[in-house]
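Take a look at the structure set out below.
In each ligand, atom 1 is the first atom listed, and ligand 1 is the first ligand listed.
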Amino acid sequence: MKDETLITLAGRHPEKHAGAISPPVYHASTILFPTLDAFDNQKDQEFTYGLHGTPGTKAFEEAMNALEGAAATIIVPSGLAAVSVALLAVLKAGDHVLMVDSTYEPTRILCNTILKRFGVETTYYDPLVGSGISAFIRENTRAIFLESPGSRTFEVQDVPAIVAAARARREIVTIMDNTWATPLYFKPLAVGVDLSVQATSKYIAGHSDLLLGTVSANGRTAERLKTARRDLGMSVGPDDVYLAMRGLRTVATRLKQHGETSLILARWLQARPDVERVCHPALPGDPGHEIWKRDFSGTAGVFACVLNACTREQLRAFLEPMKLFKMGWSWGGFESLITPGDPNEQRTATRWKASGPTLRLQVGLEHQDDLIADLNEAFSRLNAAAQS
Ligand SMILES: *Cc1c(COP(=O)(O)O)cnc(C)c1O
């Protein structure tokens with residue numbers, strides 16, 4: 001069965017819910033035990049306490065397991081919580097973690113603060129390291145963290161090569177933040193990654209109205225992952241899980257449109273004289289294009305555009321009056337977003353070469369002509385501001 005079909009069926013149990021297609025929302029902390037024997041043998045009862053799940057959360061876990069090809073999935077309050085629980089599930093004091101230099105910035109902060117405080121050392125590596133990762137592996141390396149394409153800069157990692165190097169040492173767990181592609185366009189567990197992280201807040205939820213994350217595990221890591229979530233007391237609101245499940249039903253169709261429109265915009269930007277370069281892995285000629293084509297089955301709609309050098313006033317003139325591309329964190333919703341930044345503020349192992357600001361574009365579901373008009377007006381303002 002293809003994923004587009006699978007996401008319409010997974011987690012449905014109408015026979016348990018009066019025939020309803022979607023499982024109802026259970027607001028539950030306490031779950032009652034009918035007998036003393038049931039109370040004493042809690043492992044025999046499917047649901048025991050709200051913290052450990054209800055039929056609603058279980059349905060979403062089941063759907064994510066099917067899509068990820070996973071032995072277990074945990075649902076946590078945010079994408080960042082998914083990153084932190086995955087790392088905490090496999091690391092202990094004295095361990096060493098290899099972290100990709102182009103990672104989502106809060107992941108880096110977690111490594112540099114809490115993990116450091118608990119005696120875990122982090123080394124940042126070049127996203128393009130490939131099988132060269134072996135040179136960074138130490139005696140106490142216990143986790144290799146990947147994110148591809150890179151946050152803000154969109155370098156594509158050679159995931160199979162890194163996994164092969166990690167597999168040479170059994171005690172190393174590989175973790176991949178796969179939020180950009182979603183398991184529709186890349187399946188980390190299928191290429192041997194142990195833990196697949198997804199910021200559900202992004203494409204799966206898809207409507208900029210909730211925060212949620214998942215981690216999906218293979219058989220080797222499932223028990224450690226489930227134990228970590230339970231012992232850390234990570235719980236999620238049932239309404240948010242319901243909305244995430246609703247988002248999952250339509251994510252394939254939305255993602256296809258996000259990707260298509262983003263490529264049209266990327267080509268349009270690439271042809272402009274005021275653009276230094278466009279970083280979109282699905283664009284032929286992009287440094288990551290060949291690996292993207294080999295490993296991914298589609299493109300998401302988030303990419304970067306590096307402008308020529310300009311002043312802050314020019315950038316202000318470009319961004320502030322935009323009608324459709326608005327400034328704000330996160331992405332994956334129905335609406336377009338744009339955020340400026342200097343990736344070098346977040347890098348230590350590599351340097352990002354850019355003469356002007358690096359803009360991250362999240363391409364929403366608006367019509368391509370309206371999005372191009374919005375960008376075209378922005379460039380007119382940018383150039384007019386240069387002359388004033
Ligand atoms: C947004 C994002 C996260 C964090 O998700 P939140 O739900 O906002 O905490 C993690 N990884 C990547 C790649 C992201 O883009």
>> Would L359 and T339 count as a side-chain contact (heavy atoms from CB on, under 4.5 Å) here? Give the steps.
In response: CA-CA 6 Å; L359 303 175; T339 49; over 6 Å; no
> E147 pairs by side chain to side chain donor-acceptor pair (under 3.5 Å) with which of N178, T103, T107?
Replying inline: T103
> Of the options Y185, Y203, W331, which is the one that meets H258 in a ring-ring contact (aromatic ring centres under 6.0 Å, His included)?
Replying inline: Y203
> ring pair (Phe, Tyr, Trp, His ring centres under 6.0 Å) with H289: which residues, sequence neighbours excluded?
Replying inline: W292
>> If we check salt bridge (charged side-chain N to carboxylate O under 4.0 Å, His left out) with K323, which of these qualifies: E366, E335, E377?
In response: E377
>> I'd like to know whether R347 forms a side chain to side chain donor-acceptor pair (under 3.5 Å) with T153, so could you lay out the CA-CA distance, the side-chain angles of the two residues, the decisive distance to 0.1 Å, and finally the verdict.
In response: CA-CA 11 Å; R347 285 182 174 234; T153 47; 2.8 Å; yes
> Exactly which residues line ligand 1, taking a heavy atom under 4.0 Å from it as the test?
Replying inline: S78, G79, L80, Y104, E147, S151, D177, T179, A199, S201, K202, L211, W331
